[in-house]
Amino acid sequence: MAGRNFLFVPGPTNVPDRILRAMHRAMEDHRSSDFPGLATSVLEDLRQIFKTISGQAFLFPSSGTGAWEASLTNTLSPADRVLASRFGMFSHLWIDMAQRLGLEVEVLDAEWGEGAPVERYREALAGDKGHKIKAVLVTHNETATGVTSDVAGVGRVLKELQHPALLMVDGVSSIASIDFRMDEWGVDLAVTGSQKGLMMPAGLGIVCASQKALSTYDQARLPRCYFDFGDMRKANATGYFPYTPSIPMLYGLREAIAMLLEEGLENVFARHHRLAEGTRQAVKAWGLELCARKPEWNSDTVSAIMVPAGINAAEVIDVAYRRYDLALGAGLARMAGRLFRIGHLGDLNELMLLGGVAGAEMAMRDVGMKVTPGSGVAAAQEYWRGTAKPLAKRDLPPRAPDAQPAAPSAKEKATAGAAR
Ligand SMILES: *Cc1c(COP(=O)(O)O)cnc(C)c1O
């Protein structure tokens, strides 16, 4: 198909040309004396992305799922109690992993479309007088339902109760796109991957660990080997890795961090919020609902859009892909067929997103949904026009005078007469 594929799944996201170029290089010796310059700068600078001063970043060759595993196995022991909430596919999968690793998970189930239940975390932790709960898990942005949770609120609960449990946060679809403050919120393990806000291919599982999290490593008895913090710390301390790192991914990550810091993290978050808000205006204009049950839970990185009964959202996604080269996110597990998702994170601006909104609108009409043509596009356009930064005054060349129509030549007159 000619033209670009419009990638609007919530990860992997578009890889900007700058990052592609940074990654396009010959392989290097990862044991050379030059290598630590690259590895150390990336590991140091990642702290700014997590907003931590004393935290330590780890890079594993995996996707986000490997970083989940690293956070659990390096800090906990078999049969340790863990408190977690479940309100979507990703929060579910992290809990499932914890259970399969042999942890005792106390699950706070909430409706899919709701956020992490902060008050229920409080109750459970307040009732845990003997401090049996060793870790608290929160999914910051539930990508399956387009819901962002109040991680700061859970952090506050732990502080107020002076509960010593580790706070572990899945920030795979929030970090580098939605404000995340590791130190301020008291997060002990923050997990992400390379293919979402960091605008890279999948392939790096990234964990940032607080000093408190690192101090539990020696007592933690869950089996671990490839994702071992100890091996990694020992090698990283000298600027190397315990096994062969992906050279292109390290160059790509260095460029991604540079791009994010050049734009300014706060500007990155504001851009994501504004793009998301325009998308939500489109959804409203279509007469549809988000899966997120309350505006406070609206995600700035992904909108999960419910389709009416009688419509299969999988068909919208299929038509969008085959007819318009547009990739939309699917409904997962119990949301299969009931919603489609527009990912709006990473390297993205208004006009790119209008392509996704326009394509979704066309595909919805193609499968028989009664959305008014152009309604979502117009709503998003007007929102973005209305919230655009004012332009600085600039001198433009004066407008040319209106052109006078040239008098017809004798020959033209003659032909016109003949035609009549
Ligand atoms: C994408 C994602 C993950 C990890 O998925 P991988 O495919 O292993 O990278 C975990 N949690 C959330 C919230 C996600 O969006």
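The basis for the numbers below is simple: all heavy atoms, side chains too, and nothing from hydrogens, waters or symmetry mates. Counting convention: from 1, in listed order, for ligands and their atoms alike.
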Any nitrogen or oxygen of F90, side chain or backbone, less than 3.5 Å from one on ligand 1? no

Just heavy atoms, cut-off under 4.0 Å: does L93 contact ligand 1 by side chain, backbone, both, or neither? neither

Do ligand 1 and W68 have nitrogen or oxygen atoms that lie under 3.5 Å from each other? no

Identify the closest protein heavy atom to atom 14 (C) of ligand 1: which residue and atom is it, and at what distance? K196 NZ, 2.9 Å

Residue, atom name and distance, where the atom is the protein heavy atom closest to atom 5 (O) of ligand 1: T65 OG1, 3.9 Å

Report the nearest protein non-hydrogen atom to atom 6 (P) of ligand 1: residue, atom name, distance rounded to 0.1 Å. S63 OG, 3.4 Å

Checking W185 against V169 for the side-chain contact (heavy atoms from CB on, under 4.5 Å) test, could you report, in this order, the C-alpha distance in whole Å, the side-chain angles of both residues, the deciding distance, and whether it holds? CA-CA 11 Å; W185 297 349; V169 178; over 6 Å; no

Can you list the ligand 1 atoms lying under 4.0 Å from a non-hydrogen atom of V172? 1 (C), 2 (C), 3 (C), 10 (C), 11 (N), 12 (C), 14 (C)

Name the atoms and distances for all side-chain donor-acceptor pairs under 3.5 Å in residues 52-60, with sequence neighbours left out.
residue, atom, partner, partner atom, Å
T52, OG1, G55, N, 2.9
T52, OG1, D183, OD1, 2.6
T52, OG1, D183, OD2, 3.3
Q56, OE1, R233, NE, 3.2

Tell me whether the centres of the aromatic rings in H272 and H344 are closer together than 6.0 Å. no

Within-cut-off N or O pair, Q195 and ligand 1, under 3.5 Å: yes

Answer with yes or no whether G193 contacts ligand 1, where contact means a heavy atom under 4.0 Å from a ligand atom. no

Looking only at protein heavy atoms, what sits closest to atom 11 (N) of ligand 1 is D170 OD2, 2.6 Å

Hey, is D45 close enough to R254 for a salt bridge, meaning N to O under 4.0 Å? no

Can you find an N/O atom of T139 closer than 3.5 Å to an N/O atom of ligand 1? no

Among all protein non-hydrogen atoms, which one is nearest to atom 15 (O) of ligand 1, and what is the separation to 0.1 Å? T143 OG1, 2.4 Å

H30 vs F35 aromatic rings, parallel, tilted or perpendicular, using cut-offs 30° and 60°? perpendicular

